[in-house]
Structure formats: structure tokens, C-alpha cells
Amino acid sequence: MGELNDPGHSSSPAVLSGSQADHIEVLESVDALPMAAEDHWKSLFDQMSNKRSNSFRRAILQGNRRLCNKGLLEESGLSVAQRLIRHMAYETLPREIDRKWFYDNYTGCPPPWFIITVTIVEVAFFVYYGLVLDRFVLQATHPGYLKSNPLVYHPQLRVQAWRYLSYMFMHAGIEHLGVNVALQLLVGVPLEMVHGALRISFVYIAGILAGSLAVSVADMSAPVVGASGGVYALVSAHLANIVMNWSGMKCQFKLLRTAFALICMSFEFGRAVWLRFYPSSYPPCPHPSFVAHLGGVLVGITLGVVILRNYEQRLQDQSLWWIFLAIYIFFVTFAILWNIFAFSLLGVRLPTAPRKPPWI
């Protein structure tokens, strides 16, 4: 008390020392401070409690860095494209350390060629088969859908290895394609522009492969179509990353976006389950399976989370990366062996292989 009222002591050292995390002290009197500074520090100290003082002190220390990061988004020397990329990073990367690393090391990136290319090919195949079959809604219920298609995964044609990936370009109908493309563009494009094509394409393709292999193990008699395995891998990885870092996520509408993504995923999954058990127009063969969705989700919450979470670090330095990668390789190996031996050992009755009708 006496020291603060002593004219020989200046109030500025007390204020300056208060800006350091390890030397913040609760002042008993602030009569010697100027009015503006007094109000400022009083409001800060009023928010402090014994329980949360450490986090509050850290927040004071990080204030300048956060302002600096925000200023990078408004840097006048950046082009419109560069500002867009930084804005996407600001709303896509959940952790502040990742955003800081991105801002410090950003030198530009190519457009999201992978997601855009995949989307264009999917739409092109859908339009083509829609014109051939003269049906755009629930195409999979058409008797000639599987017969005329060299891309769809079919259990009787599982020896044609390309079908474990090529099925991603086919969809059951415009309702299936619409939801997948919407999620693919809304989530996949920003993720690819921030994380790069290599990481995003790996998660996407891993989800596609896991989806078809999961169907071959868990729903052995069903075919599968659609890119839901890859889309669900990306979306579930991103949502899991947001949930784990909810307090640090800077997206202004994170709750709304998360709810929208979950509603779209639930709607699409419900549609897939309904279609699977809908009476088939080609009785020997059931409609496409929904298990690929679950395979994509499992990839997303394992490999996908590790890839998207450790943005500023090399994947090979992360122990979780090697653990989940080993689990994924084990599953792929198991599924391949299952496809080679299990069908004959279990005596599974498979539907007749689809044949191209003469009118196509």
C-alpha cells in the first residue's frame, strides 16, 4: 500500500510487470494508475480466479501472437486467391499451432485438382448411364444397371481387382450423387487446398478401398457403388478433428457446419440402408450394400484423424500413424485372403454375374 502511494515510485513498472505471465500480481490499490490503465487491469484481474489464473495468464501472453495471426489474414499484399487459402486454413485447422505453422510457411498451393477431377468424372459417368438407361433417380433399381457396368464392384467379379476402386465413379441415383458431391466439395476442397493433394487423396482412396473390402467381408453377396467410402473418410476425419479441438477451432459457424455434415451423412446412410433391402428388380442380385459407408468412417477416425491433426509435423515421426497404418494394412491383407478362400470354404451362394444385355 505504502509503496504504491510513495511519490518516489512510478506506477509504470507495476503495469509492465503485470504483462509477464510469471509476475502478475493482484494489486491492492490502483490509485496511482492513470484512469484508462486502471480500468483495463481491473477488468482483467476481476476475471481471474485461483482455479483459472494459469490459463488466463497464458491467454494474456498469447494475445499478441493471436493478433498477429489475425493480421495475416488481412495482409494487403496478398492476392484474392492467397487470402482465400489463408481464410480456409483459419477455419479448417483446429489447432492454433497448425494455423501458425501454415501462416509462417505458406508459399502458395495448386488448386484442388484431385477432388475436382474425381467430382467431374463421377458426374460424367452418372450422366452417361442416366442417358443409356433413361433413368436418373434410383438408377441401381434398373434391371440393366449392373449388367452394363464394368466399374461396379460385384462379388461374382471380384477377381477383376480394379472394381475395388472403380466403383467410386458410379452412383445409385441422383440422390446418392448429390449428397456425395455436396460433401465432397464443401469439405474436400478446403481440406485439399490446406493439406495438399497427397494427404487428402490418400485418405480418400484408403476409404474407397476399405469400403469395398468391408462389403466383401461383411455383406458378401452384395455389390457396391458410389464414392461414399472416400467421402465419409474425409468428413469423419475432419469432424473428429474438430470435436477433439473444439475450443481451439476458429470457424465462426462450426456448430452449424458440423450439424449440417452430420445430417447429410445420416440422410445418405439411411438411404443406402433402405435401398439395400428394397426388393431388387434383378432378383438374383441384391441392391448395393451400405457397409462401404462404415468402412470409410473407420478409416477417417483412425488414419484420417492422424493425417489431418499433425499438420505441422511429419507423419513418419508420429507413433499413432504407424499404429493405424499397420492396422489398415492388416485389414487389407485379411480381406484379400478372405476374398480368396472364404467364399468357397463357407459355401456362399453368390448371385449370377451380370452380363451386358444385347440392347446396350
Side-chain angles (χ1 to χ4, degrees), residues 114-115 117-122 124-126 128-129 139-140 144-172 176 180 197-198 200-234 272 276 282 284-300 302-304 324-356 360:
F114 175 77
I115 294 295
T117 301
V118 169
T119 302
I120 292 175
V121 175
E122 290 172 357
F125 273 109
F126 173 78
Y128 170 76
Y129 279 97
Q139 281 185 355
Y145 181 77
L146 293 177
K147 295 180 181 181
S148 62
N149 207 309
L151 302 178
V152 173
Y153 167 81
H154 190 279
Q156 196 68 270
L157 302 174
R158 63 187 185 278
V159 68
Q160 300 175 358
W162 71 82
R163 291 179 180 266
Y164 288 91
L165 294 177
S166 63
Y167 79 93
M168 63 183 280
F169 297 118
M170 303 303 304
H171 287 80
H176 187 195
N180 275 354
L198 184 61
I200 297 305
S201 61
F202 178 84
V203 175
Y204 192 91
I205 298 300
I208 293 292
L209 181 59
S212 57
L213 291 176
V215 170
S216 69
V217 172
D219 198 0
M220 300 172 66
S221 63
V224 60
V225 296
S228 298
V231 173
Y232 274 51
L234 287 180
R276 172 64 179 85
Y282 180 58
C285 186
H287 286 311
S289 175
F290 59 86
V291 178
H293 298 69
L294 304 179
V297 170
L298 291 177
V299 170
T302 53
L303 282 175
F324 288 140
L325 183 61
I327 294 175
Y328 181 79
I329 294 175
F330 173 79
F331 167 73
V332 171
T333 304
F334 168 79
I336 292 175
L337 296 176
W338 179 274
N339 277 269
I340 295 175
F341 300 107
F343 283 80
S344 58
L345 292 176
L346 298 177
V348 178
R349 298 181 60 182
L350 296 177
T352 305
R355 297 180 180 179
K356 185 176 181 179
I360 293 184

Quiz item: If we only count heavy atoms from C-beta on, is the Val225 to Asn149 side-chain gap below 4.5 Å?
Solution: no

Exercise. Can you measure from CD1 (Ile329) to CZ (Phe324) and round to the nearest 0.5 angstrom?
Key: 14.0 Å

Quiz item: Does any non-hydrogen side-chain atom of Ile208 lie less than 4.5 Å from one of Tyr167?
Solution: yes

Self-check item: Residue pair Pro288 / Phe290, side-chain heavy-atom distance below 4.5 Å
Solution: no

Quiz item: Hey, what's the ring geometry for Phe125 with Tyr129, parallel, tilted or perpendicular (30° and 60° as the breaks)?
Solution: parallel

Practice problem: Quick one: closest heavy-atom pair of Gly295 and Ala214, and the distance? | Solution: CA-CB, 4.5 Å

Quiz prompt | Atom pair OG (Ser221) and NE2 (His154), whose distance is rounded to the nearest 0.5 Å | solution = 9.0 Å

Self-check item: Ser228 vs His176 side-chain heavy atoms within contact, under 4.5 Å
Solution: yes

Quiz prompt | From Leu345 atom CG to Ile340 atom CD1, the distance as rounded to the nearest 0.5 Å | solution = 11.5 Å

Quiz prompt | Side-chain (Trp338) to main-chain (Leu213) donor-acceptor, under 3.5 angstrom | solution = no

Self-check item: Separation of Phe169 CZ from Thr119 OG1 (nearest 0.5 Å)
Solution: 10.5 Å

Quiz item: With sequence neighbours excluded, what pairs up with Arg163 under the salt bridge (Lys or Arg N to Asp or Glu O under 4.0 Å) test?
Solution: none

Quiz item: Taking all atoms of both residues into account, what is the closest heavy-atom pair of Val299 and Val203, and its distance?
Solution: CG1-O, 4.2 Å

Practice problem: Determine whether Arg276 and Asp219 make a side-chain contact, defined as any pair of heavy atoms from C-beta on separated by less than 4.5 Å. | Solution: yes

Practice problem: Using a 4.5 Å cut-off on heavy atoms from C-beta on, say whether the side chain of Leu209 contacts that of Tyr328. | Solution: yes

Practice problem: Compare every heavy atom of Ala233 with every heavy atom of Gly207, then report the nearest pair and how far apart it is. | Solution: CA-CB, 4.0 Å

Quiz prompt | For His171 against Met168, the heavy-atom pair lying closest together | solution = CE1-O, 3.6 Å

Quiz prompt | From Arg158 atom CZ to Gln160 atom CD, the distance as rounded to the nearest 0.5 Å | solution = 11.5 Å

Quiz prompt | Within residues 201-223 or reaching into it, pairs that qualify as ring pair (Phe, Tyr, Trp, His ring centres under 6.0 Å) - sequence neighbours excluded | solution = Phe114-Tyr204, Phe202-Trp321

Exercise. Compare every heavy atom of Ala222 with every heavy atom of Pro155, then report the nearest pair and how far apart it is.
Key: CD-O, 3.5 Å

Quiz item: Does Asn339 reach the side chain of Tyr164, with side-chain heavy atoms less than 4.5 Å apart?
Solution: yes

Practice problem: Identify the two heavy atoms, one from Ala292 and one from Val224, that lie closest to each other, and give their separation to 0.1 Å. | Solution: CB-CG2, 3.8 Å

